[in-house]
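What you see is a predicted model, and the numbers here were worked out from it, not measured in a lab. Chain letters run A, B, ... following the sequence lines, proteins first and then strands; every chain starts at 1.
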Amino acid sequence: GQQLNQSPQSMFIQEGEDVSMNCTSSSIFNTWLWYKQDPGEGPVLLIALYKAGELTSNGRLTAQFGITRKDSFLNISASIPSDVGIYFCAGGGNYGGATNKLIFGTGTLLAVQP
Amino acid sequence: DTEVTQTPKHLVMGMTNKKSLKCEQHMGHRAMYWYKQKAKKPPELMFVYSYEKLSINESVPSRFSPECPNSSLLNLHLHALQPEDSALYLCASRPLDRGDSPLHFGNGTRLTVT
């Protein structure tokens with residue numbers, strides 16, 4: 001299946017550090033979403049972005065919808081141990097003409113050392 | 001707790017067995033999805049139902065047969081699976097009154113084919 005390019009693939013950081021990850025595509029999306037997945041569970045929505053250039057925060061998380069509509073960024077400030085997990089970006093909208101589709105990024109594994 | 005409920009949580013089946021995965025949501029969402037996820041990989045779209053009708057089939061083998069008996073239920077019937085079909089199967093739903101509303105995921109069924 002089709003995937004978005006997400007980087008970095010993994011991050012190992014100290015508690016309290018800030019984290020940045022991004023997602024890029026060769027195609028335009030109308031929606032960018034960021035999910036977090038813990039082991040044994042389904043992805044949980046963190047932030048949804050609907051407009052190019054939009055910058056949205058959810059607590060310590062901030063995400064931006066790129067101006068070109070081909071990328072998105074997620075920042076986590078002052079990381080804590082419970083931030084551990086896999087973070088996925090996802091693009092949605094009129095990709096390939098199928099408005100119901102959501103295409104996932106390759107994921108970023110975050111490990112936080114106390 | 002997720003509002004999308006999947007049963008069973010774990011399933012082990014032989015290659016000649018027939019089994020079904022079930023998904024239920026009572027949020028009034030009229031789009032429901034099946035995704036397949038291998039370890040440390042992003043979810044891959046299998047099927048999408050809109051208003052209880054199959055709208056997307058991502059060229060999934062016929063040994064996987066989806067069914068949407070009503071607006072709250074989604075089933076995935078399994079028959080003659082292969083060991084490589086072992087994965088986490090995720091159900092998701094979203095409302096259709098907004099073009100690109102985010103997906104809400106269940107916690108998945110961990111399937112092992114022996």
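- Going from atom CD of A/Q37 over to atom CZ of B/F105 covers 8.5 Å, rounded to the nearest 0.5 Å.
- Considering all non-hydrogen atoms of both residues, B/N107 and A/G42 come closest at OD1-N, 3.0 Å.
- Proximity to chain B (any heavy atom under 4.5 Å) is shown, for A/Q6, by neither the backbone nor the side chain.
- Identified by a heavy-atom distance below 4.5 Å to chain A, contributing residues of residues 65-77 of chain B are lacking entirely.
- Residues of residues 85-93 of chain B placed with any heavy atom under 4.5 Å of a heavy atom in chain A are listed by number as B/L88, B/L90.
- Comparing A/G40, A/P43, A/A90 by heavy-atom pairs within less than 4.5 Å of chain B, the highest count is held by A/P43.
- Around atom CD of A/E17, more than 12 heavy atoms belonging to other residues, nucleotides or ligands sit under 6.0 Å away.
- Surrounding CE of B/M27 are more than 12 heavy atoms belonging to other residues, nucleotides or ligands, all under 6.0 Å away.
- For the atom pair B/R94 CZ and A/L45 CG, the distance stands at 12.5 Å (nearest 0.5 Å).
- The shortest distance between side-chain heavy atoms of A/W34 and B/P102 does not fall below 4.5 Å.
- Contact of the B/L45 side chain with the A/F104 side chain is not registered, since no non-hydrogen atoms from C-beta on lie closer than 4.5 Å.
- Within a 6.0 Å radius of NZ in B/K38, more than 12 heavy atoms belonging to other residues, nucleotides or ligands are found.
- Residues B/K41 and A/F88 approach most closely at O-CZ, 3.7 Å, considering heavy atoms.
- Not a single donor-acceptor pair under 3.5 Å links the side chain of B/Y33 to the backbone N or O of A/L102.
- There is no path of hydrophobic side-chain contacts, each under 4.5 Å, that joins A/L33 to A/F73.
- Residue B/Q37 touches chain A through its side chain alone, counting heavy-atom pairs closer than 4.5 Å.
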